Amino acid sequence: MDFKIKKTTPEKIKTDALIVPVFEGAVVGSSVDSLSEAARDSLNTALKQGDIKGKAGDLQILGALPDTPAKRIVLMGLGKASEQSASKLRKALVTTATALTKTAAKDAALLLDEIQIKDRDGQWLARQVVELFSHACYRFNDYKSKDKQSKINLKKLTLLCDTDNKAVEEGIKIGSAVANGMNLTRDLGNTPPNICNPSYLAQQAKKLAKDSKTLETTILDEKQMKELGMGALLSVGNGSATPSRLIIMEYKGGPKNQQPHVLVGKGITFDTGGISLKPAPDMDAMKWDMCGAASVFGAMRAVIDMELPLNVIGVVAAAENMPDGKASRPGDIVTTLSGQTVEILNTDAEGRLVLCDALTYVERFKPASVVDIATLTGAVIVALGPFASGLMSNDEAVVEALQAAADYTQDKVWRLPLWDEYQEMLDSPFADMGNIGNAGPKAGSITAACFLSRFTKAYPWAHLDVAGSAFSGGATKGATGRPVPLLTDYLLRQLPA
Ligand code: BES
Ligand code: MN
Ligand code: ZN
């Protein structure tokens, strides 16, 4: 989708759909004052009819008004004018964009100046609009035999605004980069697991490198990983017919001696659970077990688009978890790249096994920070639902930056503790640690992160458990593109002032 900014008034704009914010009590703001009397009368008559109250998420589409070139008027409820908020605006934008995708409108225009949210500027507003409209216009039809082409007509949105054009312009730029990143993340996530396997992900990295002079890719195959001693990562792919890969993407946008920020993604291209086999219902959802990896690709895409003057490294630990004669068994003990040994008590706790070796591997980059992103535990869905990613960390500065980025982007996180008491739950009588907590499902997300924390002592680190946020089931089944907005904003916050 294309986004533009224009300094004009609503009676002049030629558009298929003019989006007019409506506040509670069915009131419209002063942006429509320049419409002709006949147009205002007709708008007021429609508002008085009472079909739209102006609550956030309310929506009504009218035909054209007199003396006004816009073909449709879209009334977008925003709630009380004095109580505008980020969450209400997001709800309104999603409703509006979704409704517009079902019309024949090819372009739309939004009266931006009516939207006034405390402590949020034009850049923020533009980013929200761009990200949410792009999100609503996303379709994944590559694998339909007919109708491969998107059936959505909406291709362009004009932001009508009088003030703060520079900030809005910047917001469109960043928002578009984030939206493109999210689209890539969603595409990779939604691609079926018989296509999207570890070498397919490796190909994606090469594709990104082709598009950018600043990106270098290295792919490690199983032989190379064996030589390094990545016994934990390799054990996960033992049962799979498609070999594991470690994918490294180095973006060198900053000065040579500047320490890089590293993103590490869990890339389990399908998680059957292995010998600790998962139940059959909804197992197809485990094709999204590479969404952490997909978000690393998405964030790298955004970094490239923004030409961020920063050194950023994306690493993807890619494997497929299958049951087989060669698969790991519960009770197996493997040696990690760090030298620590792990008793595999449950082969379905495989994410931490691929991540631990990737997290040791990245020590060599002397990172300024490392953030890993993983659909790691069902327990985080129980704790936080789809709204927030679980955040666990050994560093307060990284936590603060991620929390600030989450608040800004509304790509939310919630921190969980990593206290010593939880560490003891990983004790094993036979190896340095087990791969699951010994109190069953209790504190499952935390024990998983405690496991990772034993491999991340060399640098400031945070773990994002995105099992609830990265994809959704039900009517909106598919990858969400999260946490690309969060990661991108986190990286933007690392730019030297
Ligand atoms: N990929 C799953 C976690 C998951 C579950 C992601 C549901 C998305 C939706 C992970 O590999 C897993 O199986 N975790 C186990 C860990 C347990 C065996 C300690 C879980 O959460 O049940
Ligand atoms: Mn699993
Ligand atoms: Zn998994």
Side-chain angles (χ1 to χ4, degrees), residues 189-190 193 196-198 201 232-233 235-240 244 264-295 316-323 327-332 342-356 358 372-386 388-390 392 416 422 425-426 428 433-452 463-474 477-480 482-483:
N190 293 335
C196 181
N197 57 30
L201 289 179
L233 191 157
S235 74
V236 173
N238 273 348
S240 173
S244 306
V264 178
K266 169 179 173 183
I268 299 299
T269 60
F270 196 77
D271 181 14
T272 64
I275 297 300
S276 314
L277 192 64
K278 286 185 181 293
D282 297 322
M283 207 206 273
D284 65 295
M286 285 301 111
K287 74 170 185 175
W288 288 300
D289 211 18
M290 36 60 71
C291 277
S295 75
V316 164
E320 187 186 49
N321 189 20
M322 296 291 259
S328 312
R329 331 154 191 48
D332 282 3
V342 176
E343 184 183 16
I344 301 176
L345 293 165
N346 188 321
T347 65
D348 197 12
E350 83 299 338
R352 61 200 80 179
L353 294 175
V354 295
L355 286 172
C356 71
D372 80 71
I373 310 99
T375 48
L376 205 61
T377 65
V380 86
I381 314 175
V382 177
L384 302 173
S389 305
M392 286 142 272
L416 297 169
Y422 293 109
M425 294 164 93
L426 293 171
S428 154
M433 67 195 91
N435 78 328
I436 57 170
N438 55 24
K442 287 181 188 167
S445 307
I446 297 175
T447 51
C450 283
F451 181 94
L452 298 179
H463 160 63
L464 294 168
D465 194 333
V466 297
S469 56
F471 66 92
S472 54
K477 199 172 182 182
T480 60
R482 290 175 66 190

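Starting from 1, each residue takes its place in the sequence as its number. For ligands, and for the atoms within them, numbers begin at 1 and follow the listed sequence. Small disclaimer: the values here were computed from a predicted structure and weren't measured.
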What protein heavy atom lies closest to [atom]? Include the residue and the distance to one decimal.
{"atom": "atom 16 (C) of ligand 1", "value": "Arg352 NH2, 3.8 Å"}
{"atom": "atom 10 (C) of ligand 1", "value": "Leu376 O, 3.3 Å"}
{"atom": "atom 15 (C) of ligand 1", "value": "Asp348 O, 4.1 Å"}
{"atom": "atom 18 (C) of ligand 1", "value": "Asn346 ND2, 3.5 Å"}
{"atom": "atom 21 (O) of ligand 1", "value": "Gly378 N, 2.7 Å"}
{"atom": "atom 2 (C) of ligand 1", "value": "Asp271 OD2, 3.6 Å"}
{"atom": "atom 19 (C) of ligand 1", "value": "Ile436 CG2, 3.5 Å"}
{"atom": "atom 7 (C) of ligand 1", "value": "Met286 CE, 3.7 Å"}

I'd like to check which ligand 1 atoms, numbered from 1 as shown, lie under 4.0 Å from a non-hydrogen atom of [X].
{"X": "Glu350", "result": "11 (O)"}
{"X": "Ile381", "result": "7 (C), 9 (C)"}
{"X": "Phe471", "result": "8 (C), 9 (C)"}
{"X": "Lys266", "result": "1 (N), 10 (C), 11 (O)"}
{"X": "Thr375", "result": "1 (N), 2 (C), 3 (C), 6 (C)"}

Considering only N, O or S atoms, which atom of Glu350 is nearest to the Mn ion (ligand 2)?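 For Glu350, the N/O/S atom sitting closest to the Mn ion (ligand 2) is OE1.
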Any donor-acceptor N/O pair, [X] side chain to [Y] backbone, under 3.5 Å:
{"X": "Ser389", "Y": "Leu464", "result": "no"}
{"X": "Asn197", "Y": "Thr269", "result": "no"}
{"X": "Asn435", "Y": "Thr347", "result": "no"}

For the pair Arg352 and Thr377, evaluate side chain to side chain contact (heavy atoms under 4.5 Å, CB included) and give the outcome as yes or no after the intermediate values. CA-CA 10 Å; Arg352 61 200 80 179; Thr377 65; 4.2 Å; yes
Rounded to 10 degrees, what angle sits at the Zn ion (ligand 3) between Lys266 NZ and Asp289 OD2?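 If I round to 10°, I get 90°.
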Salt bridge check, Lys278 against Asp289: does any charged N sit closer than 4.0 Å to a carboxylate O? no
Within reach of ligand 1, part of Met290 (heavy-atom separation under 4.0 Å):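 Answer for Met290: neither.
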Where does Phe451 meet ligand 1, judged by heavy-atom distances below 4.0 Å: at the side chain, the backbone, both, or neither?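 It is neither part, as no heavy atom is under 4.0 Å.
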Hey, what do you get for CD (Glu320) to CG (Asp271), rounding to the nearest 0.5 Å? 10.0 Å
Just verifying a value: how many Å separate Trp288 CH2 and Ser472 OG, rounded to the nearest 0.5 Å? 7.5 Å
Is the shortest heavy-atom distance from the side chain of [X] to the side chain of [Y] under 4.5 Å?
{"X": "Ser295", "Y": "Val466", "result": "no"}
{"X": "Leu376", "Y": "His463", "result": "yes"}
{"X": "Met290", "Y": "Cys196", "result": "yes"}

So for Asn321, does at least one of its heavy atoms come nearer than 4.0 angstrom to any atom of ligand 1?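 It does not, in that no heavy atom of Asn321 comes within the 4.0 Å cut-off of ligand 1.
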Give a yes/no on ligand 1: does Trp288 have at least one heavy atom closer than 4.0 angstrom to it? no
Side chain to side chain contact (heavy atoms under 4.5 Å, CB included) assessment of Leu353 paired with Phe451: CA-CA 9 Å; Leu353 294 175; Phe451 181 94; 4.1 Å; yes
Identify the two heavy atoms, one from Thr480 and one from Ser469, that lie closest to each other, and give their separation to 0.1 Å. OG1-O, 2.7 Å
Do any N/O/S atoms of Asp271 come under 2.8 Å of the Mn ion (ligand 2)?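 An N, O or S atom of Asp271 is closer than 2.8 Å to the Mn ion (ligand 2), so yes.
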Check the pair Lys266, Thr375 against side chain to side chain contact (heavy atoms under 4.5 Å, CB included), reporting the backbone distance first and the verdict last. CA-CA 7 Å; Lys266 169 179 173 183; Thr375 48; 4.1 Å; yes
Considering only N, O or S atoms, which atom of Glu350 is nearest to the Zn ion (ligand 3)? OE2
To make sure I understand the geometry: which N, O or S atom in Asp271 is closest to the Zn ion (ligand 3)?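 The atom in question is OD2.
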